[in-house]
There are 2 protein chains.
Amino acid sequence: MRISQPFGSRATMSETALPQATPTQVALTHGADFHEEPKTLVEGAYQRLRRDIIEGVHAPGEKLRVEHLKERYDVGAGTLREALLLLVTDALVVAQGQRGFRVAPISIADFEDITRTRVLLETEALRQSIACGGEDWEAGVVAAFHRLSRAEQRLADHDVGTTQEWEIRNRAFHEALIAASGSRWIRHFQHILYQQSERYRRISLFRQPIARDIHAEHQALFEATMARDATRATSILTEHILRTLDAVKRMPADFFTNRSMR
Amino acid sequence: MRISQPFGSRATMSETALPQATPTQVALTHGADFHEEPKTLVEGAYQRLRRDIIEGVHAPGEKLRVEHLKERYDVGAGTLREALLLLVTDALVVAQGQRGFRVAPISIADFEDITRTRVLLETEALRQSIACGGEDWEAGVVAAFHRLSRAEQRLADHDVGTTQEWEIRNRAFHEALIAASGSRWIRHFQHILYQQSERYRRISLFRQPIARDIHAEHQALFEATMARDATRATSILTEHILRTLDAVKRMPADFFTNRSMR
DNA sequence: GATCATTAAAATCTCGAGAAAATATATTGA
DNA sequence: TCAATATATTTTCTCGAGATTTTAATGATC
């Protein structure tokens, strides 16, 4: 992609043009992303571990003992340690020197923080995308919205095994919206925060099915974006993201208990 | 610290109160921070490597060969790999599967991105701090400003070996300003971005001495903050950060050439 | 019964060596 | 001279075992 264009107009930012990105630009998110072919055992273990943490296989706060996990993931101790270290980058695992690793704990305050920071970054990125996005970006948004719509239709019809698919396409849609933002750093941080919120969403939706018309929200967001109405689009996006926060807030309090295990 | 308070008032954010942080809250930035005693060999190598990268000992884009570096840092290959992996978290090192590690490249576009994203996050955090900060926060700001002032005085008098000290206190001042922000995530991202910009600043200041009255800028920022004038404080902070961007922009173009080395 | 020191067990951290892959060099043919 | 292939070298990746530290268990003392 390697897009680099001027930022969207905000009162606080000086209006100087950004130069083109250098050819040596490198992806900020490290190699082993979702659904990318793992090139090494470390990346493979990293991907599987990440999925398991996000899906709640390893409970929040749980201790991750290398000697036990090397069986499950079928790699050596050193390799598993490296995978764990990679997960520290995503803040899904916390490492304490000489005391090993554990799954990052969850709390309602943390999710609130994640959500609001995500709003801050994602609306800014959307503003930039709407201001600078070209035809390629538009096409990407249209395609992602189409795929998401199909998944949501299928979800409404027969809801078996399609949530995984929906999750992937929902993420793709949100990333397509901000793909033209020009700020690799905002996209990078957004990526991390989205991943974090996905963890909360997965474990919460598991117990309490969604009761809102998400498709309508996406539709409105899509239309405002294509109409290049930055004010309306960011407003809808904000409400959209905050609504998930409200849903999670209504979860029983014991949902946020972390596994201590000494 | 573990402060968790409502966000500063922004039109786009709903005005709901944040609950208190849970006692299980964990630091987002991983253990081995600046000037913290390393508890393991990995952390020690990580700290030294990070310092060397920020100071430009290892040039941007340079390949980091484990077999060579293990001599310099006096640790085993596996240990050094782990340290390198930790640096990926800070985006100071990039890892490509089966092709080793290299120092993250630099470019004028990247620094522009870093700076503007930093403005976005740091002004928001400052707004929150001014809105929610208590006496502890005020005291911290006063103390940090005092220490910074002394360092800047010393820098103006006899400028030998005090830049290191100034760098540390400048960072401490900026972090003290946003310490009461309540958003661990914003502080976390700010931390990463500050580190990134420090790398640019170090290599640029090395060639071209500063020609601006930084102390006056800090003074104004300090006074506006203590007066709880969020609008003025964020405005000064924005100008303050952007001014460094302008300085770096005036560097010769060849300054941003990365070491390819195949 | 509770607190503290001592001992035993478990886990983490660290290293060096071998396997796999990538890069550099040499060779061959057009 | 250039391109393509084959070989040699370097580098990365992976594993298991030993050293160090943390954690749990046991026993002694108040």
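First the proteins, then the strands, lettered A, B, ... as listed; each starts at 1.
- Closest to the Thr40(B) side chain, of the nucleotides dC15(D), dT14(C), dT12(C), is dT14(C).
- Listed by chain and residue number, Phe189(A), Trp185(B) satisfy the ring-ring contact (aromatic ring centres under 6.0 Å, His included) test with Phe189(B) (two or more places apart in sequence, or in another chain).
- Judged by distance alone, with hydrogens and angles left aside, the side-chain atoms of Ser181(B) form no donor-acceptor pair with the main-chain N or O of Ala125(B) at under 3.5 Å.
- Here the CG atom belonging to Leu64(A) is positioned 12.0 Å from the CZ atom belonging to Arg81(A), to the nearest 0.5 angstrom.
- As rounded to whole Å, 15 Å separates atom C1' of dG16(C) from atom CZ of Arg81(B).
- When distances are taken from the side chain of Gln98(A) to each of dT14(C), dT22(D), dT14(D), the shortest belongs to dT22(D).
- Look at Thr79(B) and you won't find any side-chain N or O under 4.0 angstrom from OP1 or OP2 of dT14(C).
- Among dT14(C), dC13(C), dT12(D), the nucleotide with an atom closest to any side-chain atom of Val42(B) is dT14(C).
- One can place CG of Leu69(B) at 14 Å from P of dC13(D), the figure rounded to the nearest angstrom.
- Looking only at distances, no side-chain donor or acceptor of Thr162(A) sits under 3.5 Å from a matching main-chain atom of Glu165(A).
- Nucleotide dT12(D) holds its P atom 10 Å from the CZ atom of Arg102(B), rounded to whole Å.
- Lys63(B) has a side-chain polar atom (N or O) that falls below the 4.0 Å cut-off from OP1 or OP2 of dT12(D).
- Here Phe101(B) pairs with nothing under the ring-ring contact (aromatic ring centres under 6.0 Å, His included) rule; sequence neighbours left out.
- In this structure, Lys39(B) places its NZ atom 18 Å from C1' of dT14(C), rounding to the nearest Å.
- At least one side-chain heavy atom of Gln164(B) sits under 4.5 Å from a side-chain heavy atom of Arg202(B).
- When the nucleotides dT11(D), dC13(D), dT14(C) are ranked by their closest atom to the side chain of Arg65(B), dT11(D) comes out on top.
- Protein atom CG of Leu80(B) is 10 Å distant from nucleotide atom P of dC15(C), rounded to whole Å.
- Contacts between residues 70-77 of chain B and DNA chain C, defined by a heavy-atom separation below 4.0 Å, involve Val75(B), Gly76(B), listed by number.
- Between Gly78(B) and Arg99(A), the residue whose closest nucleotide on DNA chain D is further toward the 5' end is Gly78(B).
- dT14(D) atom P lies 13 Å from atom CD of Glu82(B), rounded to whole Å.
- The CD atom of Glu67(B) sits 18 Å away from the P atom of dA21(C) (whole-angstrom rounding).
- Atom CG of Leu84(A) is separated from atom C1' of dT12(C) by 12 Å (rounded to the nearest Å).
- Between Arg65(B) and Lys63(B), some side-chain heavy-atom pair lies under the 4.5 Å cut-off.
- OP1 or OP2 of dA10(C) has not a single side-chain nitrogen or oxygen of His68(A) nearer than 4.0 Å.
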